[in-house]
Amino acid sequence: MKIYLIVLDTLADWEIAYLTAELHSKRMLADPGKDCEIVKVGVSAAPVVTMGGMRIVPDLAVADVRMESGDLLLMPGAETWMAPESAPLVAFAKETLAQGHLVAAICGATYALAQSGALDNRQHTSNDKDDLKANCPGYTGEQRYQDAPAVREGNLVTASGIAPLEFSYEVMKMLDIFRPATVEAWYQLYKTGQPQYFQALVASMA
């Protein structure tokens, strides 16, 4: 499987850090030998700079991405999602979601999906419903908005920018490449800091 990580200027580094670390290391996968590759996708092959000043060179331009069953489109937050130059990324994400592929969007990426109309008929969340409505005139999905840190409906996970842990938790469950006991122990460990969950995490991978 492939994790297609969209990269764009001002990408919010912390929002995807839990996911990229666990997916790249494979240390918690039910099958550590499973093919699981993170592929960085940009509007073009031009480098981008994250909010934290990290320079990232895309592996692929979005026009060259071919999603297959089980792949994930991972959309981190950024301050540039609503900029005209990001339009190809938004159009691709909307199409990918409509085709039934797995999509996960957090913070600014949810605004882009909302503006495109992709959230109008799906349960979803974001940073704030009123702010979403104020900044996305194309959005009419407020009746499906959920006041929660992260929400999953079918092939879509959305989350607030202050909920990277909950976002990661929902995405891990959606990917179905981790044992449920592993995901639950991992989440509780990071959420509470209690040592019994570290012991449960180790036991779940034995």
Side-chain angles (χ1 to χ4, degrees), residues 1-29 36-62 65 71-90 92-93 96-97 102-115 124-128 131-132 135-136 148-152 156-175 177-178 183 186-193:
M1 67 175 295
K2 288 183 170 59
I3 310 299
Y4 289 104
L5 170 62
I6 290 185
V7 295
L8 65 174
D9 283 322
T10 71
L11 182 155
D13 310 61
W14 68 94
E15 293 176 350
I16 54 166
Y18 289 119
L19 280 172
T20 53
E22 300 305 346
L23 291 168
H24 176 73
S25 70
K26 303 183 183 181
R27 62 181 182 170
M28 297 197 319
L29 298 191
C36 179
E37 178 186 2
I38 297 175
V39 181
K40 301 179 294 294
V41 178
V43 172
S44 68
V48 301
V49 178
T50 72
M51 203 175 294
M54 305 295 287
R55 183 176 182 272
I56 298 178
V57 179
D59 300 309
L60 283 178
V62 66
V65 176
D71 291 343
L72 169 71
L73 184 65
L74 180 56
M75 304 171 64
E79 295 176 348
T80 52
W81 268 113
M82 305 294 276
E85 57 267 27
S86 297
L89 299 173
V90 180
F92 177 75
T96 295
L97 187 61
L102 304 179
V103 176
I106 184 169
C107 196
T110 64
Y111 285 68
L113 289 178
Q115 174 62 18
H124 62 278
T125 193
S126 184
N127 294 342
D128 176 78
D131 192 59
L132 198 65
N135 287 282
C136 304
V151 170
R152 178 187 173 190
L156 173 66
V157 171
T158 51
S160 162
I162 59 172
L165 180 61
E166 290 79 5
F167 177 62
S168 302
Y169 175 59
E170 294 298 334
V171 174
M172 286 178 179
K173 289 190 292 183
M174 182 171 70
L175 288 178
I177 56 175
F178 303 92
V183 176
W186 174 88
Y187 174 70
Q188 292 299 334
L189 175 62
Y190 281 90
K191 188 71 172 178
T192 71

What residues form a salt bridge (Lys or Arg N to Asp or Glu O under 4.0 Å) with Glu170, not counting sequence neighbours?
Lys173
Least distance between heavy atoms, [X] atom then [Y] atom:
X	Y	result
Ala45	Val57	O-CG1, 4.1 Å
Gly42	Leu89	C-CD2, 4.0 Å
Leu19	Ser168	CG-OG, 3.6 Å
Pro47	Pro58	CA-CD, 4.0 Å

Verify, without hydrogens or angle tests, whether [X] (side chain) and [Y] (backbone) share a donor-acceptor contact under 3.5 angstrom.
X	Y	result
Trp81	Pro76	yes
Thr125	Ala159	no
Thr80	Asp9	yes
Ser86	Met82	no
Asn127	Ser160	no

Decide if atom NZ of Lys26 counts as having more than 12 heavy atoms of other residues, nucleotides or ligands within a radius under 6.0 Å.
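Yes, because the 6.0 Å sphere around NZ of Lys26 holds more than 12 heavy atoms from other groups.
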Could you state the interatomic distance from CD1 (Ile6) to CE (Met75), rounded to the nearest 0.5 Å?
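Between Ile6 CD1 and Met75 CE, I get 5.0 Å after rounding to 0.5 Å.
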Which of Thr110, Asp131, Asn135 passes side-chain hydrogen bond (donor to acceptor under 3.5 Å, both in side chains) with Ser126? It is Thr110
Whether Trp186 and Tyr18 hold their rings parallel, tilted or perpendicular, with breakpoints at 30° and 60°:
perpendicular
Asp71/Lys2 ion pair, N-O < 4.0 Å:
no
If we count only N and O atoms by modelled type, under 3.5 Å, do the side chains of Thr50 and Asp13 hold a donor and an acceptor together?
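Present: a donor and an acceptor within the cut-off.
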Dump the intermediate steps for side-chain contact (heavy atoms from CB on, under 4.5 Å) on Leu165 and Tyr187, then the final yes or no.
CA-CA 7 Å; Leu165 180 61; Tyr187 174 70; 3.9 Å; yes
